[in-house]
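All heavy atoms count here, side chains included; hydrogens, waters and symmetry mates do not. Just so it is clear: chains get the letters A, B, ... in the order the sequence lines come, proteins before strands, and each one is counted from 1.
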Amino acid sequence: QVKLLQSGAELVKPGASVKLSCKTSGFTFSTSYMSWLKQVPGPSIEWIGWIYAGDGGTNYNQKFKGKATLTVDKSSSTAYMDLSSLTSEDAAVYFCARTTPYYVMDAWGQGASVTVSS
Amino acid sequence: DIVLTQSPALAVSLGQRATISCKTNQNVDYYGNSYMHWYQQKPGQQPKLLIYLASNLASGIPARFSGRGSGTDFTLTIDPVEADDTATYYCQQSRNLLTFGSGTKLEIK
């Protein structure tokens with residue numbers, strides 16, 4: 001069945017970067033879109049962007065341009081998200097999700113918590 | 001951005017009907033489809049897709065869940081509600097990029 005397994009919780013210092021991973025199985029990764037989303041309690045869920053695993057093409061929420069960089073490794077069916085210059089505003093749970101045509105997230109990773117603290 | 005507005009909370013008695021609404025500030029219909037989707041999220045878990053394109057039941061979701069609406073007004077109905085339906089329900093549009101509502105927390109009395 002479809003599985004998305006994310007890397008574990010991260011504790012990072014302000015100003016540092018972090019790379020989150022999302023290893024997939026059970027579907028054809030190379031023809032899939034993968035989205036990344038941010039969830040902070042209260043303000044709900046924000047879509048960061050998606051990447052097409054076939055050619056690495058991306059589409060970002062304007063708010064996250066320069067903050068997030070999405071990449072994939074087709075050989076391992078894994079999606080990655082780099083978050084740079086972290087501040088307290090970046091502390092959140094981040095999810096990866098398979099994204100269908102019509103931009104519906106039909107399968108989600110378990111989430112990865114990012115804490116930003118010195 | 002398209003803004004989605006949901007009521008923050010709803011309490012429904014076990015076995016009754018729950019109706020959760022989502023209103024958008026722009027039309028999310030396009031070429032015969034309504035680009036509105038619904039998710040369920042339980043505490044400490046990832047969201048789960050329930051309904052896509054306003055009224056289509058996602059794979060493995062029981063028929064107690066249904067969605068309807070078009071344009072700017074949409075509803076998710078759970079009938080009858082079960083204790084396990086306690087969760088937060090989010091609507092999401094994909095007509096113009098992707099945005100989510102703030103969620104409706106459903107309590108089962």
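B:Y52 and B:W38 are members of different hydrophobic clusters when ILVMFWY side chains are connected at heavy-atom separations under 4.5 Å. No continuous path of hydrophobic side-chain contacts links B:M36 to B:L97 [ILVMFWY only; heavy atoms under 4.5 Å]. Following chains of ILVMFWY side-chain contacts shorter than 4.5 Å, one cannot reach A:V72 starting from A:Y80, and the two form parts of different hydrophobic clusters. A single hydrophobic cluster is seen to contain both A:F64 and A:L83, as judged by linkage of ILVMFWY side chains at heavy-atom distances under 4.5 Å, directly or through other members. Using a 4.5 Å cut-off between side-chain heavy atoms of Ile, Leu, Val, Met, Phe, Trp and Tyr, with links allowed through other members, A:I48 and A:L4 fall into the same hydrophobic cluster.
Remark: B:L98 CG to A:E46 CD distance equals 12.0 Å, nearest 0.5 Å.
Residue B:Q92 touches chain A through its side chain alone, counting heavy-atom pairs closer than 4.5 Å. At a 4.5 Å heavy-atom cutoff, A:N61 makes no contact with chain B through either its backbone or its side chain. The contact between B:Y39 and chain A is made entirely by side chain atoms (from C-beta outward), counting heavy-atom distances below 4.5 Å. No part of B:Q93 comes within reach of chain A, as not one of its non-hydrogen atoms sits under 4.5 angstrom from that chain.
Highest contact tally toward chain A, considering only B:P47, B:A58, B:G44, is held by B:P47 [criterion: heavy-atom pairs under 4.5 Å]. Contact count versus chain A (heavy atoms, under 4.5 Å) is highest, among B:T88, B:D1, B:L53, for B:L53.
Residue B:D84 qualifies as open at atom CG: its count of foreign heavy atoms under 6.0 Å is 12 or below. Residue B:R68 qualifies as open at atom CZ: its count of foreign heavy atoms under 6.0 Å is 12 or below. Surrounding NZ of A:K3 are at most 12 heavy atoms belonging to other residues, nucleotides or ligands under 6.0 Å away.
Using a 4.5 Å heavy-atom cut-off against chain B, the contacting residues of residues 85-109 of chain A are A:F95, A:Y102, A:Y103, A:V104, A:M105, A:D106, A:W108, A:G109. Residues of residues 12-37 of chain A lying under 4.5 angstrom from chain B, judged on non-hydrogen atoms, are A:L37 in numerical order.
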(request) Give the intermediate values and the outcome of side chain to side chain contact (heavy atoms under 4.5 Å, CB included) for residues A:Q39 and B:Y90. (result) CA-CA 12 Å; A:Q39 185 170 35; B:Y90 294 94; 3.3 Å; yes
